[in-house]
Amino acid sequence: MARKTVRVDVPRRSPDEMLVLINTINLKNVALGQSTPLDAEDSAALVDIYNKALAERQQAKTLEAQAQAHNQNARQFLGMNKEQSVHSPGTGLFHVTQVRDTLLKKFKGKEEQLGEWGFPTVVGNAKSPRPRQKKS
């Protein structure tokens, strides 16, 4: 005879799924009233946990929206939005590019010194192009 196996999954990676499960348990528990098989202490703990976790998740969503708005403002100041370029005056990208160009003029032939200013700088040598040989 085959052995019976039972697996009951509990959401461990999604807070929203866990909240839905706890809410469903709480609703069923209330609907059954005195005939519920659950311990009163567990039931009360689940109601308390649900309320606290739900409030925290709602707060997190509000703060996440605020954080995204602040990040968008920062990107605007830095000149990193899609519609911005090195030619967008008053942005960080505009001024950093101006500084880079000034330093390149100042340190012509000694470009590695831009590294002291925080610019990642690599100086190397490239092979001179050779004329192509004609195929016979």
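Here, residue 1 is the first one in the sequence, and each next residue gets the next number.
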Practice task
Show your reasoning for whether side chain to side chain contact (heavy atoms under 4.5 Å, CB included) applies to D42 and L46.
Solution key: CA-CA 6 Å; D42 287 337; L46 277 179; 5.6 Å; no
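- Contact between V6 and K4 at its shortest, heavy atoms only, is CG2-CE, 4.0 Å.
- A distance-only check finds a donor-acceptor pair linking the side chain of N51 to the backbone of V47 [under 3.5 Å].
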Working for salt bridge (charged side-chain N to carboxylate O under 4.0 Å, His left out), residues K105 and D101: CA-CA 6 Å; K105 288 176 189 172; D101 293 346; over 6 Å; no
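- Between the NZ atom in K106 and the CG atom in L114 there is a gap of 12.0 Å [rounded to 0.5 Å].
- The cluster map of Ile, Leu, Val, Met, Phe, Trp and Tyr, joined by side-chain heavy atoms under 4.5 Å apart, puts V20 and I25 in different clusters.
- Q76 contributes atom CD, which lies 13.0 Å from atom CG of N71 (distance to the nearest 0.5 angstrom).
- Hydrophobic cluster membership differs between V86 and M80, with clusters built from Ile, Leu, Val, Met, Phe, Trp and Tyr side chains linked at under 4.5 angstrom.
- Between the side chain of E111 and the main chain of V123, no donor-acceptor pair closer than 3.5 Å is present.
- The minimum heavy-atom distance linking N26 with Y50 is given by the pair ND2-CB, 3.9 Å.
- Between M18 and P11, the shortest heavy-atom contact is CE-O, 3.1 Å.
- A donor-acceptor pair under 3.5 Å links the side-chain atoms of T91 to the main chain of F94, judged by distance alone.
- Contact record, S43 with N29: OG-ND2, 3.0 Å, taken as the closest heavy-atom pair.
- In this structure, N23 and L54 have side chains that are not in contact, with every pair of non-hydrogen atoms separated by 4.5 Å or more.
- With rounding to the nearest 0.5 angstrom, the CD atom of Q98 is 6.5 Å from the OG1 atom of T102.
- From R57, atom CZ reaches atom CD of E64 across 8.5 Å, with rounding to the nearest 0.5 Å.
- With hydrogens and angles disregarded, no donor-acceptor distance shorter than 3.5 Å links the side chain of T36 to the backbone of L32.
- To the nearest 0.5 Å, atom CG of residue L78 and atom CG of residue L93 are 9.0 Å apart.
- Within the model, atoms CZ of F119 and CG of L103 stand 6.0 Å from one another, a figure rounded to the nearest 0.5 Å.
- Checking side-chain atoms of Q84 against main-chain N and O of N81 turns up a donor-acceptor pair under 3.5 Å.
- Dense packing is recorded around CD of E83, with more than 12 heavy atoms of other residues, nucleotides or ligands lying under 6.0 Å away.
- Counting only heavy atoms from C-beta outward, the side chains of H87 and T97 never approach each other to under 4.5 Å.
- When hydrophobic clusters are built by joining Ile, Leu, Val, Met, Phe, Trp and Tyr residues whose side-chain heavy atoms come closer than 4.5 Å, directly or via intermediates, V10 is grouped together with L38.
- Between T24 and K28, every side-chain heavy-atom pair lies at or beyond the 4.5 Å cut-off.
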